[in-house]
Novice: 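I have a structure here, written as structure tokens, and I will follow up with some questions on it.
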Amino acid sequence: MPELLTDRAMLAINGGNPVRKTLLPYGCQSIAEDDIEAVVNVLRSDWVTTGPKIAEFEEAFAARVAAKYAVSFSSGTAALHAAAFVAGLKPGDEAITTPMTFVATANCVLYQGAIPVFADVSADTLNLDPKQFAERITPRTRAVIAVGYAGHPAELDAIQQTAARHGCTLIEDACHALGAEFEGRSVGSIADMTVFSFHPVKHLTTGEGGMLTTNRADFAETLRRFRNHGISSDARQRQAEGQWSYEMVLLGFNYRLTDIACALGLSQLKRLDKCLSRRREIAARYTAAFRDLAGIRTPVARENVSPAWHLYPIRLNLERLTANRARVFRGLRAENIGVNVHYRPVHLQPYYRDRFAHREGEYPVAEDAYQRLISLPMFHGMTDQDVEDVIRAVHKVVGHYEC
């Protein structure tokens, strides 16, 4: 890339011209005319919530991930809370998870009055390290929540085997990993319960929303009640049966997803394979383009998995740079590349520090990664020019600070 040689002396952060005129976000929804039509059709129907689109979306989603049951929720966080409830977490219990995740993964344990226990991550994938997980198990451990960081599945077989030996429920937080595969199996069909998110930056969106898949009929029944105030029937069932009476059988919440959202999700689900293909193309292009940059480490894909590439997180080789992560981050933002950071380890968030007395140094692999991580733009609506702009900006900024 000979044109970059002059660019390196003219970083936008130092007053030079940016690579792009407008900001490219790190993630963005993609809405098609078919999506809009699907939503409008529901708005013109008799049911905008608790209607027929709920089951339709759930059945289509379950089929796509090869699970027996899928239960929709108002958000991925709500689905995580439901999973913690069904796993039987209660005050005094513990659930083990990774510190390298969004706070909702650990918060769902707190919602049940239980204690989130962290275990460090594997250096290559930044997913929960099965050995670290095994070492953190105590007689109070009731569940493990494994996260598919950036869309790369965790070591599900090893984690599941350990969990089974200790009578723990395996919850997979696959909010990054819709469409990913592990050992030839679809994420969503492997763990006791698997949670997905439909936030706008994810592979498909319902605005806000989530889904929980399982192969256990008893889990699915309890999940449906939990999302509906603990009531054993919904409004549409009662209308169809000419019933007015309902029974609350457990303490639940209003975590229902609407027919409006499910119609959007159904429409988007039809394009999931195309979305995944595009994300994998972008990831391959990035990896090839950054191969010779000494200042960064690109994310890995283990041989036994097919990642979904929700994120493309690079790690800075700070030993080869004259700038820290903050300077590189600001440099890329000045070039109008909307980079982000995923994630500040959960145990270092102020709430967790104050409540559980967590301190730096407890989980060195996750903490070291955090000091180096930068997430590059990754979404299926990116154009080829968008991808080239990111590549050019990374070479320009990182190349400038390489030593």
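Here the structure is a predicted model, which is why all the values come from computation and not from measurement.
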Novice: Under a 4.0 Å N-O cut-off, is there an ion pair linking Lys131 with Glu135?
Specialist: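 No, Lys131 and Glu135 are not salt-bridged.
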
Novice: Please walk me through it: do Arg216 and Glu221 pass salt bridge (charged side-chain N to carboxylate O under 4.0 Å, His left out)?
Specialist: CA-CA 9 Å; Arg216 289 185 52 167; Glu221 181 179 6; over 6 Å; no

Novice: Supply the atom-to-atom distance Arg140 CZ to Ile115 CD1, rounded to the nearest 0.5 angstrom.
Specialist: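 Arg140 atom CZ to Ile115 atom CD1 measures 4.5 Å (nearest 0.5 Å).
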
Novice: Answer yes when Glu335 and Arg330 have at least one side-chain N-carboxylate O distance shorter than 4.0 Å, and no when they do not.
Specialist: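 Not counted as a salt bridge, because no side-chain N and carboxylate O are separated by less than 4.0 Å.
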
Novice: Could you please spell out the steps behind the side-chain hydrogen bond (donor to acceptor under 3.5 Å, both in side chains) verdict for Thr287 and Tyr312?
Specialist: CA-CA 9 Å; Thr287 299; Tyr312 191 91; 2.8 Å; yes

Novice: So Lys202 and Leu178, do their side chains get closer than 4.5 Å, heavy atoms only?
Specialist: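 SC-SC contact between Leu178 and Lys202 ruled out.
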
Novice: Could you give the distance from CE (Met10) to NZ (Lys396), rounded to the nearest 0.5 Å?
Specialist: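 Reported to 0.5 Å precision, the distance equals 6.5 Å.
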
Novice: Do Asp273 and Arg64 pass the salt bridge (charged side-chain N to carboxylate O under 4.0 Å, His left out) test, and can you show the C-alpha distance, the side-chain angles, and the key distance before you say yes or no?
Specialist: CA-CA 10 Å; Asp273 288 338; Arg64 177 60 181 78; 2.6 Å; yes

Novice: Is there a side-chain contact (heavy atoms from CB on, under 4.5 Å) between Asp129 and Val121? Walk through the geometry before answering.
Specialist: CA-CA 5 Å; Asp129 185 329; Val121 297; 5.6 Å; no

Novice: Between Phe226 and His81, does the ring centroid distance fall short of 6.0 Å?
Specialist: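 Judged by ring-centre distance (under 6.0 Å), Phe226 and His81 do meet the cut-off.
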
Novice: Tell me, yes or no, whether the heavy-atom count around Asp46 atom CG, taken from other residues, nucleotides or ligands under 6.0 Å, exceeds 12.
Specialist: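 Result for CG/Asp46: open.
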
Novice: Taking it one step at a time, do Asp157 and Gln161 satisfy side-chain hydrogen bond (donor to acceptor under 3.5 Å, both in side chains)?
Specialist: CA-CA 6 Å; Asp157 282 348; Gln161 289 167 10; 5.5 Å; no

Novice: Between Arg227 and Glu58, does any NZ, NE, NH1 or NH2 come within less than 4.0 Å of an OD or OE carboxylate oxygen?
Specialist: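 Between Arg227 and Glu58 there is a salt bridge, with a charged N closer than 4.0 Å to a carboxylate O.
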
Novice: Between Thr214 (side chain) and Asp192 (backbone), is there a donor-acceptor pair under 3.5 Å?
Specialist: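 Between the backbone of Asp192 and the side chain of Thr214 there is a qualifying donor-acceptor contact (under 3.5 Å).
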
Novice: Do Phe133 and Phe118 have ring centres separated by under 6.0 Å?
Specialist: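 Not close enough - the centres of the two rings lie 6.0 Å or further apart.
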
Novice: Does Met100 form a side-chain contact (heavy atoms from CB on, under 4.5 Å) with Leu373? I'd like the steps, not just the answer.
Specialist: CA-CA 11 Å; Met100 186 55 67; Leu373 281 167; 4.1 Å; yes

Novice: Determine, stepwise, if the pair Asn336 / Asp389 fulfils side-chain contact (heavy atoms from CB on, under 4.5 Å).
Specialist: CA-CA 9 Å; Asn336 278 321; Asp389 288 345; over 6 Å; no

Novice: Counting N and O atoms only, with roles assigned by atom type, does the side chain of Ser186 sit under 3.5 Å from a partner on the main chain of Gly188, one being a donor and the other an acceptor?
Specialist: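 Checked: no pair found.
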
Novice: Between Phe219 and Phe85, does the ring centre distance come in under 6.0 Å?
Specialist: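 Ring centres of Phe85 and Phe219 not closer than 6.0 Å.
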
Novice: Closest approach of Ala79 and Leu212, non-hydrogen atoms and distance?
Specialist: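 For Ala79 and Leu212, the tightest heavy-atom pair comes out as O-CD1, 3.4 Å.
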
Novice: Set out, in order, the CA-CA distance, both residues' side-chain angles and the distance that settles side-chain hydrogen bond (donor to acceptor under 3.5 Å, both in side chains) for Ser267 and Asp35, then state yes or no.
Specialist: CA-CA 5 Å; Ser267 181; Asp35 301 331; 2.6 Å; yes

Novice: State whether Arg285 and Asp384 are salt-bridged, where the test is any N-O pair (Lys NZ or Arg NE/NH1/NH2 against Asp/Glu carboxylate O) under 4.0 Å.
Specialist: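 No, no charged N to carboxylate O under 4.0 Å.
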
Novice: Are the side chain of Glu172 and the backbone N or O of Ala191 linked by a donor-acceptor pair below 3.5 Å?
Specialist: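 Side chain of Glu172 to backbone of Ala191: no pair is present.
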
Novice: Can you tell me if Gln268 uses its side chain to pair, donor with acceptor, with the backbone of Ser30 under 3.5 Å?
Specialist: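 Yes.
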
Novice: If you compare all heavy atoms of Ile282 against all heavy atoms of Met378, which two are closest, and at what distance to 0.1 Å?
Specialist: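 The pair with the smallest heavy-atom distance is CG2-CE, 3.7 Å.
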
Novice: Please check: side-chain N/O of Glu367 versus main-chain N/O of Pro345, any donor-acceptor pairing under 3.5 Å?
Specialist: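 No; judged by distance alone, with no hydrogens or angles, the pair does not exist.
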
Novice: Could you tell me whether Glu183 and Arg302 have a side-chain N and a carboxylate O separated by less than 4.0 Å?
Specialist: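 Arg302 and Glu183: not salt-bridged.
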
Novice: Do Glu208 and Ser74 meet the criterion of a side-chain donor-acceptor pair at a distance under 3.5 Å?
Specialist: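 Short answer, no.
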
Novice: Begin with the C-alpha distance, continue with both residues' side-chain angles, and end with the deciding distance and a verdict on side-chain hydrogen bond (donor to acceptor under 3.5 Å, both in side chains) for Thr105 and Asp173.
Specialist: CA-CA 7 Å; Thr105 310; Asp173 180 341; 2.7 Å; yes

Novice: Check for a donor-acceptor pair, side chain of Thr383 on one end and backbone N or O of Asp386 on the other, with a separation under 3.5 Å.
Specialist: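 Indeed, once roles are kept as given, a pair shorter than 3.5 Å links the two residues.
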
Novice: Apply the side-chain contact (heavy atoms from CB on, under 4.5 Å) test between Glu37 and each candidate in Val39, Val40, Asn41; give the one that qualifies.
Specialist: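 With Glu37 as partner, side-chain contact (heavy atoms from CB on, under 4.5 Å) holds for just one option, Asn41.
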
Novice: Would Phe196 and His203 satisfy ring pair (Phe, Tyr, Trp, His ring centres under 6.0 Å), going step by step from the backbone distance to the final call?
Specialist: CA-CA 10 Å; Phe196 299 91; His203 298 75; 9.5 Å; no

Novice: State the CD-CG distance between Glu59 and Leu266, to the nearest 0.5 angstrom.
Specialist: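 With rounding to 0.5 Å, CD (Glu59) is 10.0 Å from CG (Leu266).
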
Novice: Taking the six-membered ring for Trp, are the ring centroids of Phe356 and His347 within less than 6.0 Å of each other?
Specialist: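 For Phe356 and His347, the ring centres are not under 6.0 Å apart.
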
Novice: Nearest 0.5 Å please: distance from the CE atom of Met211 over to the CG atom of Leu223.
Specialist: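 Nearest 0.5 Å value for the CE-CG distance: 11.5 Å.
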
Novice: Kindly assign one of parallel, tilted or perpendicular to the pair His176 and His310, based on the angle between their ring planes and the thresholds 30° and 60°.
Specialist: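 Ring orientation, 0 to 90° scale: tilted.
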
Novice: Less than 6.0 angstrom from the centroid, inside 45 degrees of the normal: does Arg320 satisfy that with respect to the ring of Tyr401?
Specialist: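 No cation-pi geometry.
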
Novice: Just do the side-chain contact (heavy atoms from CB on, under 4.5 Å) check on Phe57 and Thr206 with the steps written out, would you?
Specialist: CA-CA 11 Å; Phe57 183 34; Thr206 59; 4.2 Å; yes

Novice: Looking only at atom types and distance, does a side-chain atom of Asp93 sit under 3.5 Å from a main-chain N or O of Ala114, one as donor and one as acceptor?
Specialist: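 Checking the backbone N and O of Ala114 against the side chain of Asp93, no donor-acceptor pair under 3.5 Å is found.
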
Novice: Donor-acceptor check, side chain of Arg136 to backbone of Val117, threshold 3.5 angstrom: yes or no?
Specialist: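 The answer is no, because no donor-acceptor pair under 3.5 Å joins these two groups.
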
Novice: Counting only N and O atoms by type, is there a donor-acceptor contact under 3.5 Å from the side chain of His342 to the main-chain atoms of Ala150?
Specialist: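 A pair under 3.5 Å: no.
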
Novice: Side-chain donor-acceptor pair under 3.5 Å between His199 and Gln29, yes or no?
Specialist: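 No pair is found: no donor N or O on one side chain lies under 3.5 Å from an acceptor on the other.
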
Novice: Distance from Leu250 atom CG to Asn228 atom CG, nearest 0.5 Å?
Specialist: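 Reported value, rounded in 0.5 Å steps: 10.0 Å.
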
Novice: If only atom types and distance count, is the side chain of Thr101 paired as donor or acceptor with the main-chain N or O of Thr98 below 3.5 Å?
Specialist: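 Side chain of Thr101 to backbone of Thr98: no pair is present.
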
Novice: To the nearest 0.5 angstrom, please state how far the NE2 atom of His152 sits from the OG atom of Ser306.
Specialist: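 Rounded to the nearest 0.5 Å, the NE2-OG separation comes to 9.5 Å.
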
Novice: So which heavy atom on Ala177 is nearest to which on Gly148, and how close?
Specialist: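 Closest heavy-atom pair between Ala177 and Gly148: CB-O, 4.4 Å.
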
Novice: Considering only heavy atoms from C-beta outward, does the side chain of Val86 approach that of Thr169 to under 4.5 Å?
Specialist: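 In short, these two side chains do not touch, never coming nearer than 4.5 Å.
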
